[in-house]
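What follows is a short report on a single structure.
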Amino acid sequence: MSKSTVRYILRRLVISLITLFVILVVLFCMVRFLPGSPINNEHLSDAQRAAIEASYGLNLPLPQQFVKYMSGMLTGDFGVSMNLYRDMQVSSLVATRAPISFFLGLSACILGTLVGILLGVVAALKKNTIWDTLATVLSVIGVSIPSFVFAMLILMIFGTNLHILPTMYSSSQPIYSAIMPIIALSMSVIANVARFTRTEMISVLNSDYIMLAKAKGLSRKDIILKHALRNTLIPIVTILGPILVNLMTGTMVVEKICSVPGLGLLLINSIQASDYNVILACSFLYAAMYIIMMLVIDVSYGIIDPRIRLGKDE
Amino acid sequence: MKKLLSVVAAATMALSLAACGSGSGSDGKTFTFASELDIKNLDSCDADDGMSFNAMHAVIDGLMGLDENGDITYALAEDHQVSDDGLTHTFKIRDAKWSNGDEVTAHDFVYAWQRIIKNVGNYAYMMGTGGASIVGADELMAKTENGEELTDADLETLGAKALDDKTLEVKLTSPVAYFEELMTFPCYYPINEKFCEEQGSNYAKSADAILSNGAYIMDTWEPGSTATFSKNEDYWNADAVKLDSLVMNLVQEPAVAAQNFESGINDYAPINSDLVDQYKDDESFISFNEGYLFYIQVNFNNTDLQNQNLRKALSLSINREDFANNVLKDGSKEANGFIPAQLSIGPEGQDFRDDASDYTEYNVEEAQAALDQALSELGKDEVTLRLLYGTDESPMDTMATYLQNAFSKLKGLNIEMVATTKQDRIYTKQANRDFDLACTRWGPDYSDPTTYLNLMITGNSNNYGDWTNAEFDSLMSQIATEADLDARWQMMIEAEGIAMSDYANIPVFEKGTSALKNTAVKGLVQKPVGVPYTFTYVDIEG
């Protein structure tokens, strides 16, 4: 890795930290400006509610609350849940759920990308044949039908009717019980990657250097694997970042259907309950993930295609 | 291609085998209960939701409990004496053990009740005049509300004392006719002081941080997913427990819960109104009263709404039966008064609703006539009212839409819909009296009619509409101190009559719940008040 690349990564890291701080400030204020409070038991009198709010420090001025939150956060203390799982440590709530969501998102991304590339390559190589049409139809279905519909379908067929897959996520069978949500989540990835791969592959196959490779007498396998596929992959990497982040942040509906105790569901439930600390921790984690992901994607450009230089050379 | 097919076939077979393995494994009877709500908390100091109550009651008994028929019976108490003035209750605690081997003692109750006040628990108010009326509770709560730390000396002023290890004495500020029933409520459960102090802030935050003295022991608890329980062999009433294990699964999607039920994964699954038509003729289909009353709160600060004929017109224009049976379809019933049916049983064993009159009716012609009369009295051609509702508190949005449609049929009445969140509805708009009509609801704290009637007392914190009636207030004061149960019952019927005849609030429907229950399952006790489900007596036949 060149010095300029290291400098570039360091600069991006500093910018990322500043961005995260700004996001935290904005999130903190926005969450506090939500109507109502996490203490929303309508059976409580105003005085009783105020007393409970005071026990969580919600009666302090906003800047003081922020400083208290930040100082706790720097030591790994994200506070306690004020409503959803009252008085439970937010860090432990998030720590048990984040890996599940990450695993699902990442697995769906890997599966979807591999299958998508395969479908796209087949469609491009067998252009205008039944295989191409089949791959295109699959892509259109994958893009058009939301992942939760797939989840319901798979659940009904493989879970309820055939009893092949469990209908609920279980921590005692974390991989086996995650198959269904992973397949459901990967459908849109397959569709997007397949469409993209097909277009790119056709474009690459028609380019001059492929003609030259053919003229040099290289085998079809070498042309596809060593030249065409590698050049097709570069643009695909650009769409993988947003796809992965969308997968991780967009798992909540599938999580709900497949009863997966994931981060997405925790975030949605915490917003409904105005559980300040849980909302903050989940949103912050998503923001951090997004920023890290974009950084990783940017750096990976340079690795996949050495022609792309990160930072300025001295 | 052949290779690919054989790989797929092998994978399918492997998965099928794995699936077969996952469904079996434990011997004996297991009841699997699916819920769309999660267990939030197992600390009787903090828990305030039905699912947490279900889980908590599976592992902890209170002084009183429910028998197989849902009637109140002794649990950890084996005897209960009340003084002639009704102000001193003495409980004898039976021989029972915590799951760490300690004896359950009267001190466990005193500690738990002091702790809920000291920690400003959600249900601390149930210790004071809002519930059990225990001596000193209101004063202690006033201190915590002022931000004062309670000392041990302060807590000693609470009127709950352990006379010895097995005798608990509770002194009240006024007689509480429903005191025994209150003692079934989780906020009055005992806590083992030694264990609780050892656990510190982790108490009841995980399966191994809570002790059992009840029918089951909690083995695992994964928030957001599942909780498993096994029979407590040392339970004082172990002979009554037929199950070997109990599983509570969080399934937030009712359609999935129904599918799981059909495939035998769950023995019990709640379903929503979308699924009722599909299952209503199935023998596993059940529906019951949830205990919640959904009603319209009228803002009496609005000069138009001070007109009784206008309020009468609003009430008469609602076809409650149609709304409950054809729109909600979830077991909900039309409300005939402010006290829901199947909530309160009188001294002679009769339901309050059977003794009281019906105060609701659907008659569009009479509604129009009442509105015309109101407009004439107000000197207006038309009236515009804002209908406030929360979009995040289903089925409040459905109710608001139905009401808008019903009210709009009256000529001279315009409705403006004000959609917001539940929080904003209650704590901003209703609290600031910034509404005309508000779709709201109330769930009972206990099964005495006063849990609803108190809402209409002048100055009650939930009386956001500021309805006031001296006769009603006076009657409620008498009810609070009346020791004669028959006289008290009649007074409550009279009080409801005063409020409903004046359209203090407009009741709409009593919320029901529909569910699918395995027909082999017997003994699941369901109650609209307090702990929704008691699993102690559940048995699976066959």
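For the numbers below, each heavy atom of this structure counts, side chains included, while hydrogens, waters and symmetry mates do not. The chains referred to below are lettered A, B, ... by the order of the sequence lines, with proteins before strands, and numbering in each begins at 1.
The distance from atom CD of B:Glu262 to atom CE of A:Met156, rounded to the nearest 0.5 Å, is 10.0 Å. Considering OG1 of A:Thr167 and CG of B:Asn266, their distance stands at 7.5 Å, rounded to 0.5 Å. Interatomic distance, A:Asp87 CG to B:Asp43 CG, rounded to the nearest 0.5 Å: 7.5 Å. Rounding to the nearest 0.5 Å gives a distance of 8.0 Å between NZ of A:Lys256 and CD of B:Glu36. We find the CG-CG distance between B:Asn260 and A:Leu155 to be 6.5 Å, quoted to the nearest 0.5 Å. Expressed to the nearest 0.5 Å, how far NZ of B:Lys205 lies from CD of A:Gln89 amounts to 9.5 Å.
Heavy atoms closer than 4.5 Å to chain A are found nowhere in B:Thr226, neither backbone nor side chain. Of the atoms belonging to A:Asn269, it is side-chain heavy atoms, and not backbone ones, that fall under 4.5 Å from chain B. Only the side chain of B:Ser461 comes within less than 4.5 Å of a heavy atom of chain A; its backbone N, CA, C and O stay farther away. Contact annotation for B:Arg441: both backbone and side-chain heavy atoms come within less than 4.5 Å of a heavy atom of chain A. Contacts of A:Ala47 with chain B are made by both backbone and side-chain atoms, with heavy-atom separations under 4.5 Å. If you measure heavy-atom distances from B:Asp49 to chain A, you find no contacts under 4.5 Å at all. Both the backbone and the side chain of A:Thr160 come within less than 4.5 Å of a heavy atom of chain B. B:Ile39 touches chain A through its backbone: at least one of N, CA, C or O sits under 4.5 Å from a heavy atom, while the side chain does not. At a 4.5 Å heavy-atom cutoff, the contact between B:Asp48 and chain A is made by side-chain atoms alone.
Summarising the geometry of A:Pro261 relative to B:Ser225, their closest heavy-atom pair is CG-CB, 3.8 Å, with the distance given to 0.1 Å. What you find for B:Thr144 and A:Ala51 is that their closest heavy atoms are O-CB, 4.0 Å. Listed here is the closest heavy atom pair of A:His163 and B:Ser263: CE1-CB, 3.5 Å. Here the closest heavy-atom approach between residue A:Met168 and residue B:Leu250 is recorded as CE-O, 4.1 Å. Across all their heavy atoms, A:Met152 and B:Val256 have their closest contact at SD-CG2, 3.8 Å.
Put simply, of B:Asn119, B:Ile265, B:Thr428, B:Asp445, the one with the most heavy-atom pairs under 4.5 Å next to chain A is B:Asp445. Between chain A and the residues B:Asp424, B:Asp46, B:Thr220, the largest count of heavy-atom pairs under 4.5 Å involves B:Asp46. Chain A forms the most heavy-atom pairs under 4.5 Å with one residue out of B:Glu253, B:Gln259, B:Arg425, and that residue is B:Gln259. With chain A as partner, the option from B:Thr440, B:Asn462, B:Asn202, B:Asp38 having the largest number of non-hydrogen pairs under 4.5 angstrom is B:Asp38. Comparing B:Ala124, B:Gly443, B:Gly147, B:Ala47 by heavy-atom pairs within less than 4.5 Å of chain A, the highest count is held by B:Gly443.
Residue A:Ile175 places its CD1 atom among 12 or fewer non-hydrogen atoms of other residues, nucleotides or ligands, all under 6.0 Å distant. Within 6.0 Å of OH on B:Tyr446 lie more than 12 heavy atoms contributed by other residues, nucleotides or ligands. Counting non-hydrogen atoms of neighbouring residues, nucleotides and ligands closer than 6.0 angstrom, the CZ atom of A:Arg220 reaches no more than 12 such neighbours. More than 12 heavy atoms of other residues, nucleotides or ligands lie within 6.0 Å of NZ in B:Lys511, so this atom counts as buried by the packing criterion.
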Exercise. How far apart are the C-alpha atoms of A:Arg49 and B:Tyr427, what are their side-chain angles, what is the distance that settles it, and do they pass the side-chain contact (heavy atoms from CB on, under 4.5 Å) test?
Worked result: CA-CA 11 Å; A:Arg49 204 168 46 251; B:Tyr427 302 117; 2.9 Å; yes
For this session: Could you please spell out the steps behind the side-chain contact (heavy atoms from CB on, under 4.5 Å) verdict for A:Leu265 and B:Gln252?
Result: CA-CA 10 Å; A:Leu265 213 49; B:Gln252 287 197 294; 3.1 Å; yes
Problem set entry | Evaluation steps, side-chain contact (heavy atoms from CB on, under 4.5 Å), between B:Asn122 and A:Gln48 | CA-CA 8 Å; B:Asn122 260 338; A:Gln48 287 155 354; over 6 Å; no
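Applying side chain to side chain contact (heavy atoms under 4.5 Å, CB included) to B:Glu222 and the options A:Ser171, A:Ser172, A:Ser170 leaves one that passes, A:Ser171.
Between the side chain of B:Asn41 and the main chain of A:Arg86, a donor-acceptor pair closer than 3.5 Å is present.
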